[in-house]
Number of protein chains: 2
Amino acid sequence: MPELEEYLTIGQASERLGLATSALRFYEDKGLISSLRTVGGQRRYARDVLRRVSFIRAAQQVGLPLAEIKESLDALPAHRAPTQEEWQRLAEAWRPLLDEQIATLVGIRDRLAGCIGCGCQSLDSCDVFNPDDVAAQQGPGAHFLTL
Amino acid sequence: MPELEEYLTIGQASERLGLATSALRFYEDKGLISSLRTVGGQRRYARDVLRRVSFIRAAQQVGLPLAEIKESLDALPAHRAPTQEEWQRLAEAWRPLLDEQIATLVGIRDRLAGCIGCGCQSLDSCDVFNPDDVAAQQGPGAHFLTL
DNA sequence: GTTTGACTTAAACCATACTTGAAGTTCTAT
DNA sequence: ATAGAACTTCAAGTATGGTTTAAGTCAAAC
């Protein structure tokens, strides 16, 4: 039986994910991933850890802190590999965030292009360089990253 | 003479920018902004600090660390308000970064849509959930944020 | 059965980006 | 002239996301 291929050591997972072993242990400490243990106490990861970690990294790119990512992952079953539908429900939850973040960046880019394109006085009415008073409407900190 | 309108106290700048006074002092400590001082030692900001700080905040949204933002700002004149062209040169330097970051997020979004849209087996060939081996090609850490 | 590389924990350390607190000073309005 | 709000500095604290180190154990090949 392919028991050797069934599970990954932390080094194997690390290599495949392009992530330090310390980061995997850190994620496990924080409850974002879990592992089985050998009799000797070494970690063995089920293969779905690869998908979980990939999900974590993608979520980080979207700007989510690990604590929130954990909350999302907590919706997944603890002791069996999640189904496709379960992954998709998580993924759909990001859509608004993703859209918002993309809109923010595209907004910066376009206003940038506007400032560059249209000559001398647009700069004074440009949101990118004169948000002034605008930011003050939202709470301190926050904006889109702290969602 | 409108000396009162010419300069901003730290509290006024803070309020207009929607940013804590401690953050403004922190930026000044780090050399990202500068101020004049009253006889009594209080800060007075020239109005272009608003644009500078807005630039900083926008740059942070693009993922740049303060140290790099400082390097960009160091290209601006120290003792006069930058011209429009000077601001634009800085802004243009972000274009590639912005484009890259937008592309990354749009990529995640589209692959997400693909996974959700196309039924049961796409998940196994989806980059978002199976980057596996892919990430390992780049150095540890890095990816687009550490540019 | 022994070596060697991969693994273990726990605690300490790092960098970034700020915030908070203490103790005191300045500014502005009355 | 004085009260109170706003300001000052400096040091320490916080949160996030890890990495590093020390001292030792496990697993696999020889």
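Sequence lines set the chain letters: A, B, ... in the order given, protein chains first and strands last, and positions in each chain run from 1.
Summarising the geometry, the separation between CG on A/Asp29 and P on C/dT8 is reported as 12 Å, rounded to the nearest angstrom. Here the C1' atom of nucleotide D/dT16 and the NZ atom of A/Lys30 are 8 Å apart, to the nearest Å. Straight-line distance from the CG atom of A/Leu24 to the P atom of C/dT9: 13 Å, rounded to whole Å. Atom-to-atom, CG of B/Leu32 to C1' of C/dC18 comes out at 13 Å; the value is rounded to the nearest Å. Spacing between atom CG of A/Leu36 and atom C1' of D/dC26 amounts to 17 Å, rounded to whole angstrom units. Summarising the geometry, the separation between CZ on A/Phe26 and P on C/dC13 is reported as 18 Å, rounded to the nearest angstrom. For the pair B/Tyr7 OH and D/dC7 P, the interatomic distance rounds to 18 Å; values are reported in whole Å. Distance, B/Arg37 CZ to D/dT8 C1': 8 Å, rounded to whole Å.
For C/dA17, neither phosphate oxygen OP1 nor OP2 lies less than 4.0 angstrom from any side-chain nitrogen or oxygen of B/Tyr27. Between B/Ser22 and C/dT20, a side-chain N or O to OP1/OP2 separation shorter than 4.0 Å is absent.
Each of B/Val39 and B/Ile56 was matched to the nucleotide of DNA chain C holding its nearest heavy atom; the match closer to the 5' end belongs to B/Ile56.
The side chain of A/Ala23 has D/dG18 as its nearest neighbour among D/dA27, D/dG18, D/dG17. Side-chain proximity of A/Ala20 to D/dT19, D/dG17, C/dC18: nearest is D/dT19.
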Identify all pairs in which a protein N or O lies below 3.5 Å from an N or O of nucleotides 22-24 of chain C, and state each distance.
none

Polar pairs (N or O, both sides) under 3.5 Å between protein and nucleotides 3-7 of chain C?
residue : atom : partner : partner atom : Å
C/dC7   : OP1  : A/Thr9  : OG1          : 2.9
C/dC7   : OP1  : A/Gly11 : N            : 2.7

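Remark: A/Ile69 CD1 to A/Arg57 CZ distance equals 9.5 Å, nearest 0.5 Å. For the atom pair CZ of A/Phe55 and CG of A/Leu76, the computed distance is 7.0 Å after rounding to the nearest 0.5 Å. A distance of 10.5 Å separates CD1 in B/Ile102 from CG in B/Leu97, rounded to the nearest 0.5 Å. Atoms OG1 and OH, from B/Thr38 and B/Tyr7 in turn, are 12.5 Å apart once rounded to the nearest 0.5 Å.
Looking at every heavy atom in both residues, A/Leu17 comes nearest to A/Ser54 through CD2-OG, 3.9 Å. Smallest separation of non-hydrogen atoms from B/Ile10 and B/Thr21: CD1-O, 3.6 Å. Between A/Ala75 and A/Leu90, the shortest heavy-atom distance links the atoms CB-CD2, 4.3 Å.
Inter-axis angle, ends of the helix from C/dG1-D/dC30 to C/dT30-D/dA1, five pairs per end, rounded to 10 degrees: 10°.
Among A/Arg43, A/Arg44, A/Glu15, the single residue meeting the side-chain contact (heavy atoms from CB on, under 4.5 Å) criterion with A/Thr9 is A/Arg44.
Side-chain contact between B/Gln88 and B/Thr83 is absent, with no heavy-atom pair separated by less than 4.5 Å.
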Per-pair distances, 0.1 Å, donor-acceptor, side chain in residues 29-37 of chain A, under 3.5 Å, sequence neighbours excluded:
residue : atom : partner : partner atom : Å
A/Ser35 : OG   : A/Glu28 : OE1          : 3.3
A/Ser35 : OG   : A/Glu28 : OE2          : 2.7
A/Arg37 : NH1  : A/Gly41 : O            : 2.9

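Residues that satisfy the side-chain contact (heavy atoms from CB on, under 4.5 Å) test with B/Pro77, not counting sequence neighbours, are B/Arg80, B/Pro82, B/Glu86. By the side-chain contact (heavy atoms from CB on, under 4.5 Å) test, A/Asp99 pairs with A/Arg95, B/Arg109, sequence neighbours left out.
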